[in-house]
Amino acid sequence: MKRWVKMIRLIGGLCLVTLLGIAYVSYLCHNSLCLAPERSNLSPRYSVISSSSSSRSEILSSPTSMVKLIGGFPSKVNIESVAFEDAYDMGFDITSRDVIVFLHIQKTGGTTFGRHLVRDLNLENPCNCPRKRKRCDCFRPNTVNEQWLFSRYSTGWKCGLHADWTELTDCVEGALDEYEGSSRKRRYFFITVLRDPIHRYLSEFRHVQRGATWKSARHWCGGQEFTSLPHCYKGSNWTGVELDEFMNCSYNLAHNRQTRMLADLTLAGCYTGYNTTADQLERDRILLQSAKQNLASMAYFGLTEEQATSQYIFERTFHLDFANPFDQANATLSAQAIAELTPAQIERVRQLNSLDNELLEFARHLLQERFKMLKRRDPHFRRNWFRVIHPHKSERTTETH
């Protein structure tokens with residue numbers, strides 16, 4: 001009998017220890033200490049509700065709402081992002097709650113494109129651009145402070161200098177609430193411009209060589225600002241740097257800049273261990289796939305080398321026309337800069353931007369898909385396309401000569 005009592009007590013004690021252990025582990029997990037990072041699984045920080053379909057659904061997904069998660073917990077950020085086909089079907093309503101958000105990547109022609117947005121759109125109430133002031137007031141009709149455009153030349157760098165996708169999606173709602181003095185839900189139309197990676201990289205190199213640094217960029221990611229990123233130079237800037245030195249800095253953010261700025265950086269640990277050898281291949285894979293997904297989910301993107309096509313796609317997507325055409329930049333300077341490089345240097349630039357090269361190939365195919373779709377749906381394609389490529393001629397005049 002005593003043996004049975006001892007056995008029952010032993011079993012009871014083991015059960016009690018087990019229950020206490022489960023309770024303790026649950027407490028730790030509640031405080032996120034047992035959350036393992038799923039580096040191989042590209043599950044974004046937000047839930048996606050898709051409202052449009054695509055034959056390439058694994059990449060061309062069209063998220064229309066994003067509920068962000070930071071460290072495994074939902075944050076207060078909840079923004080509605082409009083995808084390309086939805087933007088075309090529904091249009092952009094400047095009088096309601098729609099906002100165009102321009103993600104400006106360095107040395108892609110974004111400065112010129114940004115000026116087009118504030119100065120050249122045919123609007124009933126165009127942006128007000130006072131002389132001797134860099135920024136314009138792009139207010140909705142019949143309002144005095146509600147912005148329909150979030151960009152360098154309208155609101156300024158409200159989310160930081162050249163804010164990337166990670167920063168913008170985390171910041172834009174709060175920044176506009178603060179700017180306008182009230183909290184409201186908006187529909188966001190994210191847009192950007194990409195450029196040939198070799199030309200873009202060399203353009204950034206020349207810019208840095210002349211003294212540019214972008215040192216005031218915030219690098220906000222995962223709820224914190226990464227202010228201690230190492231610099232490639234000593235002193236206040238990198239003026240006079242030679243190309244080989246520029247390329248040899250392993251933590252130079254110019255490398256694969258377009259992929260990094262379009263990706264969700266929290267999926268790869270933000271800037272922790274950036275460009276170190278540990279798990280670099282896995283990190284690259286995650287960033288590239290994320291950048292492709294985010295690019296495909298944007299309402300619009302253009303290519304610097306495809307100005308006419310990019311302008312046509314913007315106008316048909318947003319149902320807005322530009323008074324002045326996009327100018328195709330002369331590639332002579334870029335070609336001259338490349339001609340001055342050795343074959344080894346060109347190959348090195350290509351290797352350092354391998355992710356951007358793959359991203360651009362994806363973008364080119366996607367741009368052509370969008371162009372063909374819009375062309376099929378445009379009953380006045382000949383007239384609209386002619387106006388883009390020959391802005392100062394009439395189709396009738398050309399046909400009579």
Side-chain angles (χ1 to χ4, degrees), residues 32 35 37 39 42-47 63 65-81 99-108 110 114 147 149-180 183 186 188-192 204 212-232 251-276 283 286-288 290-291 293-295 297-298 355:
S32 76
L35 290 175
R39 294 176 61 84
L42 197 68
S43 301
R45 293 172 296 142
Y46 48 82
S47 62
S65 75
M66 298 188 287
V67 180
K68 293 234 183 149
L69 303 176
I70 297 176
F73 294 93
S75 76
K76 295 180 181 179
V77 180
N78 186 345
I79 65 174
E80 182 181 354
S81 175
V99 179
I100 292 175
V101 181
F102 178 31
L103 194 163
H104 183 174
I105 301 172
Q106 290 95 316
K107 313 314 292 180
T108 58
Q147 293 275 3
L149 175 64
F150 192 88
S151 74
R152 170 188 182 181
Y153 289 118
S154 55
T155 55
W157 301 113
K158 291 292 183 184
C159 290
L161 180 63
H162 287 284
D164 57 28
W165 188 93
T166 307
E167 292 174 300
L168 281 174
T169 54
D170 195 47
C171 159
V172 62
E173 184 96 306
L176 281 176
D177 284 349
E178 183 178 353
Y179 183 90
E180 297 175 0
S183 178
R186 306 169 184 86
Y188 294 99
F189 294 67
F190 284 89
I191 66 175
T192 195
E204 178 166 344
T213 62
W214 299 296
K215 65 173 69 175
S216 60
R218 296 172 64 207
H219 304 300
W220 181 269
C221 180
Q224 62 179 305
E225 187 173 350
F226 287 79
T227 56
S228 58
L229 293 179
H231 293 305
C232 293
Y251 38 86
N252 189 342
L253 294 179
H255 307 338
N256 288 312
R257 180 180 288 280
Q258 295 177 103
T259 300
R260 178 179 57 81
M261 290 188 67
L262 286 175
D264 181 350
L265 297 180
T266 64
L267 297 172
C270 293
Y271 292 94
T272 304
Y274 181 75
N275 265 4
T276 59
R283 178 188 175 89
I286 290 172
L287 291 180
L288 179 59
S290 176
Q293 288 180 335
N294 292 336
L295 184 70
S297 73
M298 285 184 165
L355 301 183

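These values consider heavy atoms only, across backbone and side chains, with no hydrogens, waters or symmetry-generated copies. If you read the sequence from its start, that first residue is 1, and numbering goes on from there.
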Side-chain donor-acceptor pair present, W220, D170, cut-off under 3.5 Å: yes
Residues E167 and K158 bridged, charged N to O under 4.0 Å: no
Basic-acidic side-chain contact under 4.0 Å: R186, E80: no
So does [Y] get a backbone contact from the side chain of [X], meaning a donor-acceptor N/O pair under 3.5 Å?
X	Y	value
R283	A268	yes
S151	G114	no
H104	T192	no
E180	Q147	yes
S290	D264	yes
D164	L262	no

Aromatic ring pairing H219/Y271, orientation class (parallel under 30°, perpendicular over 60°, tilted between): perpendicular
Side-chain heavy atoms of F190 within contact of L168, under 4.5 Å: yes
Contacts of F150 that satisfy ring-ring contact (aromatic ring centres under 6.0 Å, His included) - sequence neighbours left out: none
Residues, nucleotides or ligands: over 12 heavy atoms within 6.0 Å of Q224 CD: yes
